[in-house]
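Written out below as structure tokens is the structure these notes cover.
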Amino acid sequence: MTGMTVAEALRDAAVRLAAGSDTARLDAEVLMGHALGCGRSDMVLRHMRDAAPEGFGALVERRMRHEPVAYIVGEQEFFGLSLRVTPDTLIPRGDSETIVEAALSAVPASGPVPARVLDCGTGTGALLLAVLSARPGARGIGIDRSPGALLVAADNAARLGLSDRGAMLLRDWTQAGWADGLGLFDLVLANPPYVEVDANLAPDVRAFEPAGALFAGPDGLDDYRILLPQLPGLLTPDGVAVIEIGHTQAEAVTAIAMEAGMAAQLHLDLAGRPRALALSRQSGGAG
Ligand code: GLN
């Protein structure tokens, strides 16, 4: 890309990336901002006529091989928070903000007792840290079975000044006794693995994101079958669990929740697709 201005290199990269990405221009701008060490708006306002930086071409090459932009630049915005991401963590999706919205509607902004929050499979810490940042009275725990992800989650908590209210613990909900000593929670969050093992996934996802955060058996429901029956034992009597689901899974996961003695309320994502279930104990039931 030597000899090109930033504007020219962006045009050139957007054309080359268009074959493999439907956000080619945006990808090029984010990568250029990273190469320049400035934000996208600063780049557009001040740097378009500068010489394109040396390292930009290599970043575009990585993207051409389907590496997600978030891994190349090492960060992703989620619910207005800038989060560090690595290949040890799933990249937080805009769709998952639906879980945060549903959770915040379940946890009053002020209350007599600060809410206790548990995030199962916290990854980058996205769900937990978004809720804690929006609810300054709340405290929480993020668990993950991936030590690499936990390091990222703890780092994100520290960067956001939330370490004193958000602890990250190495736990695996498929192992008996994993929740011993954690107590009860007003809110449980989870974006568990829910993809069918042989699903037709984009190469950006299948070749780069952690399999352990994505796949959950032939029908994608293995983790719901293990985790949901444990929720009544983790929730306070009025507690709510808000869990992410695949957009075709609302019926199947609702059935698993009902079998575990919980009622499910469906929440849609911004595209109007099923994305979250808010689960609570069935009131008036025998227990
Ligand atoms: N939403 C992700 C995807 O479609 C899957 C996330 C998950 O399994 N929890 O790639």
Side-chain angles (χ1 to χ4, degrees), residues 6 10 13 17 21 23-47 53 55-56 59-60 62-63 67-104 107 117 119 121-144 146-168 189-191 204-205 208-210 213 242 244 269-270 275-276:
V6 166
L10 280 173
L17 290 171
S21 168
T23 53
R25 174 75 197 189
L26 176 66
D27 292 358
E29 290 184 4
V30 173
L31 295 175
M32 182 64 86
H34 183 69
L36 288 167
C38 70
R40 254 173 79 221
S41 57
D42 197 34
M43 171 186 79
V44 171
L45 290 172
R46 272 182 269 280
H47 298 292
F56 178 64
L59 302 183
V60 174
R62 286 170 67 181
R63 182 68 191 124
E67 186 171 350
V69 171
Y71 290 150
I72 300 174
V73 304
E75 67 177 5
Q76 173 69 40
E77 191 185 300
F78 180 76
F79 211 75
L81 307 176
S82 172
L83 297 173
R84 198 161 78 81
V85 299
T86 75
D88 281 319
T89 65
L90 196 74
I91 299 165
R93 314 284 205 261
D95 286 336
S96 300
E97 295 183 351
T98 305
I99 285 72
V100 179
E101 300 280 8
L104 293 177
V107 178
V117 185
D119 183 11
T122 198
T124 57
L127 296 178
L128 176 66
L129 297 174
V131 168
L132 294 185
S133 71
R135 290 289 181 270
R139 316 181 68 81
I141 295 171
I143 64 139
D144 210 288
S146 158
L150 276 180
L151 287 175
V152 177
D155 185 34
N156 280 324
R159 284 160 187 260
L160 295 166
L162 294 169
S163 298
D164 54 335
R165 294 192 288 125
M168 305 298 176
L189 304 163
N191 178 11
D204 309 35
V205 178
F208 289 93
E209 297 200 76
V242 182
E244 178 160 330
D269 63 23
L270 287 175
R275 184 57 60 193

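These figures come from a predicted structure and were not determined experimentally.
- The structure places CG of Leu127 at 6.5 Å from CD1 of Ile99, a figure rounded to the nearest 0.5 Å.
- Thr124 is not listed as a side-chain neighbour of Arg84, based on a closest heavy-atom distance of 4.5 Å or more.
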Could you go through the side chain to side chain contact (heavy atoms under 4.5 Å, CB included) check for Leu160 and Ser133 one step at a time?
CA-CA 8 Å; Leu160 295 166; Ser133 71; over 6 Å; no
Yes or no on side chain to side chain contact (heavy atoms under 4.5 Å, CB included) for Val131 and Val107, after CA distance, side-chain angles and deciding distance?
CA-CA 9 Å; Val131 168; Val107 178; 5.6 Å; no
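- When all heavy atoms of Cys38 and His47 are compared, the pair lying nearest together is SG-CD2, 3.8 Å.
- Leu17 and Ala28 make their closest contact through CD1-N, 4.1 Å (heavy atoms, listed as atom of the first residue, atom of the second, distance).
- Nearest heavy atoms, Glu101 versus Phe79: OE2-CE1, 3.8 Å.
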Determine, stepwise, if the pair Ser21 / Asp27 fulfils side chain to side chain donor-acceptor pair (under 3.5 Å).
CA-CA 8 Å; Ser21 168; Asp27 292 358; 2.6 Å; yes
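- Between the side chain of Thr122 and the main chain of Asp119, no donor-acceptor pair closer than 3.5 Å is present.
- Taken to the nearest 0.5 Å, the CD atom of Glu77 stands 9.0 Å off from the CG atom of Leu83.
- Residues Ser82 and Glu75 share a closest heavy-atom pair of OG-OE1, 3.0 Å.
- In this structure a side-chain-to-backbone donor-acceptor pair under 3.5 Å is present from Arg139 to Asp164.
- Judged by distance alone, with hydrogens and angles left aside, the side-chain atoms of Arg62 form no donor-acceptor pair with the main-chain N or O of Ile72 at under 3.5 Å.
- Side-chain contact between Asp144 and Met168: absent, with no pair of heavy atoms (C-beta onward) separated by less than 4.5 Å.
- Under the 3.5 Å distance criterion, the side-chain polar atoms of Arg40 are left unmatched by any main-chain donor or acceptor of Val44.
- Side chain of Thr89 to main chain of Val85: no donor-acceptor pair is present (N/O by atom type, distance under 3.5 Å, no hydrogens or angles).
- Counting non-hydrogen atoms of other residues, nucleotides and ligands closer than 6.0 Å to CG of Leu270 gives a total of 12 or fewer.
- Side-chain atoms of Asp88 do not come within 3.5 Å of backbone N or O of Ala149 as any donor-acceptor pair.
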Show your working on side chain to side chain contact (heavy atoms under 4.5 Å, CB included) between Leu36 and Met32 and close with a plain yes or no.
CA-CA 6 Å; Leu36 288 167; Met32 182 64 86; 3.9 Å; yes
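- Between Ala157 and Gly166 the shortest heavy-atom distance is CB-O, 4.3 Å.
- To the nearest 0.5 Å, atom CG of residue Leu90 and atom CG of residue Asn191 are 6.5 Å apart.
- Between the side chain of Arg165 and the main chain of Ala138, a donor-acceptor pair closer than 3.5 Å is present.
- The two residues Val6 and Pro53 have their closest heavy-atom pair at CG2-CD, 4.3 Å.
- Judged purely by atom type and a 3.5 angstrom limit, Asp204 has no side-chain atom pairing as donor or acceptor with the backbone of Pro68.
- In this structure, the side chains of Glu209 and Tyr71 come closer than 4.5 Å at one or more pairs of heavy atoms.
- Arg93 places a side-chain N or O within 3.5 Å of a backbone atom of Ile91 that can act as its donor or acceptor partner.
- Glu29 places no side-chain N or O within donor-acceptor distance of the main-chain N or O of Leu10, the cut-off being under 3.5 Å.
- Using modelled atom types and a 3.5 Å distance limit, the side chains of Glu244 and Ser96 yield a donor-acceptor pair.
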